[in-house]
2 protein chains.
Amino acid sequence: MSIRRETAGSGAAIGEAVIPDATVARLANYLRALTGFADQGVSTVSSDALAAAAGANSAVLRKDLSYLGSYGIRGVGYDVDTLTLLISRTLGLAAHRSVVLIGVGNLGQALAGYAGFSSRGFEIAALIDADQQRVGTHICGLRVHDIGDLELILAAQPIDIAVLATPAAVTQEICDRLVSAGVTSILNFAPIALAAPSHVEVRQVDLAAELQILSFHEHQKENGLYNAEQEKAKTLPPSERHWARA
Amino acid sequence: MSIRRETAGSGAAIGEAVIPDATVARLANYLRALTGFADQGVSTVSSDALAAAAGANSAVLRKDLSYLGSYGIRGVGYDVDTLTLLISRTLGLAAHRSVVLIGVGNLGQALAGYAGFSSRGFEIAALIDADQQRVGTHICGLRVHDIGDLELILAAQPIDIAVLATPAAVTQEICDRLVSAGVTSILNFAPIALAAPSHVEVRQVDLAAELQILSFHEHQKENGLYNAEQEKAKTLPPSERHWARA
DNA sequence: GTCTGTGAAACTTTTCACAGCT
DNA sequence: AGCTGTGAAAAGTTTCACAGAC
């Protein structure tokens, strides 16, 4: 998964620093939390406050940020705007990113209308489907194109990321065409493991798998295999919550 | 994240074995792949074949399965049906699980209609929303209930898992009510880190965060920080793909 | 010969604890 | 006094390689 690696002890050879995958995944959460603070007019946050809002612990947060450099002020905290900018740049969000969404069924339509995408810098540049009943219609103000024109659409405009909400059976084939056309980032919602060359980053979101993981934990509890501290604080008023965040 | 832990060297104290979180997450993928093999009438699979279909490597697969016991046959492989049953039982899918879906907006409606849930043993037992325009309507054959009746609905039937597709601003409050009502497994699609006591398992799916992680990798490539072996096999025919799976 | 099961090694990630700056 | 930045230790995960069953 990691992109670059330093040979131990050598200084950063080419660019800045190596950022662990686990850290990258959390940066997005910090950014979300920072936006919240900015909206409230808060201009400085401590690692404790930011970690609480982002659902991490402050030691992890500080270590994560240390990979980006030393931008905090000891005894004070982090400047919200500076940190927002720093993380945005690190995630490559300075430039808005164009997304093509393939598969405009139930889930695809929901994704097309998902406000969280545009509000966080992602523009859906094209909708594509194979169903001729849907091709030509407009969804959320965008025309649905035919899957046959996939290569034309990709050639006509710069596309950074493809989102797949297609039936499992056709998803690998579409993935292959995307890869051939030069797409290197894919977010796949179809319940199938995609094969792609290593220079292509594929992320899988499997909704049923998430439920199965929860089911496992329920099962553990049912069998009395759950260790201690259940029911903890269950009756405390919300103001006294001191629970962990997801 | 782990539920139980053995003190080093001591035998399994209470039940069977400790299953690492990383393994649990992959079991769902193996199950999906096994279903595929069963549909094709295949009755035995090797770790290599199953790993390829599930997007893992065979060493990981074998290690994962070893946590569940030794059910493979050396020189042959695994029996598809036996393994399917074993994983299903491990994930607690023997009993069908009831899900309550809260928030029937864009995304919530898509989730309500998502075939992958019912086909994999999850039954949506109730839909709930706060919007009076939606309350009382029927979506995918299910009546939408008022959020005010949340506690009544949970009391009237056994619910294993709550799925939240609500606006971020109200999600923590709903989470608190769910926890008070005894729900211990939550799948959250709202872009906010939920606070919950430690006996409650919360899984977060943040769609925009997924795109941001992809954006990071795109950014790395743009800056020439990507290491070697690009373009590899890009022109091979699909039949000769030997790429890694997601 | 083939393929599983598993210890041991390598690597990654998290946690701890505290030095050092404001 | 308060909070960051970071080495060092601990925990968790993946990879390796091969003994052993079929």
Side-chain angles (χ1 to χ4, degrees), chain A residues 1-9 11-12 16-27 29-30 42-52 54-80 82-83 86 213 227 244-245, chain B residues 1-9 11-12 16-27 29-30 42-80 82-83 86 213 244-245:
Chain A
M1 261 285 249
S2 299
I3 293 304
R4 296 187 308 129
R5 203 92 351 252
E6 287 182 312
T7 39
E16 297 93 40
V18 173
I19 302 177
D21 287 331
T23 294
V24 173
R26 283 185 299 258
L27 288 179
N29 300 339
Y30 302 151
V42 175
S43 66
T44 307
V45 277
S46 68
S47 60
D48 269 313
L50 181 54
N57 81 55
S58 61
V60 172
L61 170 66
R62 289 201 303 278
K63 197 160 266 300
D64 285 342
L65 295 184
S66 78
Y67 293 116
L68 314 189
S70 297
Y71 292 91
I73 304 166
R74 290 167 197 236
V76 179
Y78 300 88
D79 180 73
V80 171
T82 308
L83 195 50
L86 174 64
I213 293 167
N227 70 349
R245 277 164 202 269
Chain B
M1 263 282 249
S2 300
I3 293 303
R4 297 187 306 130
R5 204 93 346 255
E6 288 181 312
T7 40
E16 298 95 39
V18 174
I19 302 177
D21 287 331
T23 293
V24 173
R26 282 185 299 256
L27 288 179
N29 300 337
Y30 303 151
V42 176
S43 66
T44 308
V45 276
S46 68
S47 61
D48 268 314
L50 181 53
N57 82 55
S58 61
V60 172
L61 169 65
R62 288 201 304 277
K63 188 49 98 218
D64 285 343
L65 295 184
S66 77
Y67 293 117
L68 313 190
S70 297
Y71 292 90
I73 304 167
R74 292 170 194 231
V76 179
Y78 301 87
D79 179 73
V80 171
T82 308
L83 195 51
L86 174 64
I213 292 167
R245 278 165 203 268

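Scope of the values below: all heavy atoms of this structure, side chains included, with no hydrogens, waters or symmetry mates. Values in this document were obtained by computation on a predicted structure and should not be read as measured data. Chain identifiers are assigned alphabetically (A, B, ...) following the order of the sequence lines, protein sequences preceding nucleic acid strands; residue numbering begins at 1 within each chain.
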Output all residues satisfying side chain to side chain donor-acceptor pair (under 3.5 Å) with [X], sequence neighbours left out; order by chain, then residue number.
X	result
A:Ser46	none
A:Ser58	A:Asp48
B:Thr82	B:Asp79
A:Tyr30	A:Asp64

Measure [atom1]/[X] against [atom2]/[N] and give the value in whole Å, please.
X	N	atom1	atom2	value
B:Leu65	C:dT6	CG	C1'	13 Å
B:Asp21	D:dT14	CG	C1'	15 Å
B:Ile19	D:dT13	CD1	P	12 Å
B:Asp64	D:dT15	CG	C1'	13 Å
B:Leu61	C:dT6	CG	C1'	14 Å
A:Leu83	D:dT4	CG	P	11 Å

So which heavy atom on [X] is nearest to which on [Y], and how close?
X	Y	value
A:Ala25	B:Ile213	CA-CD1, 3.7 Å
A:Val80	A:Val42	CG2-O, 3.5 Å
A:Leu50	A:Val45	CB-CG2, 4.3 Å
A:Ala51	A:Asn57	CB-C, 3.6 Å

(request) Map B:Tyr67 and A:Thr23 onto DNA chain C by nearest heavy atom, then report which one ends up closer to the 5' terminus. (result) B:Tyr67

(request) Could you run through nucleotides 15-22 of chain C and give me one letter per nucleotide, 5' to 3': B if any protein heavy atom sits under 4.0 Å from the base, S if only the sugar-phosphate is that close, - if neither? (result) B-B-BBBS

(request) To the nearest 0.5 Å, tell me how far A:Leu61 CG sits from A:Leu65 CG. (result) 4.5 Å

Compile the donor-acceptor pairs under 3.5 Å between side chains in residues 67-75 of chain B and protein atoms, sequence neighbours left out, one pair per line.
none

(message) So if I take residues 43-52 of chain A and measure heavy-atom distances to DNA chain D, which residues fall below 4.0 Å?
(response) A:Ser46, A:Ser47

(message) Can you see if the side chain of A:Tyr78 gets near the phosphate of D:dG5 - specifically, an N or O under 4.0 Å from OP1 or OP2?
(response) yes

(request) Kindly calculate the angle separating the two end axes of the helix from C:dG1-D:dC22 to C:dT22-D:dA1, each obtained from five base pairs, and round it to 10 degrees. (result) 0°

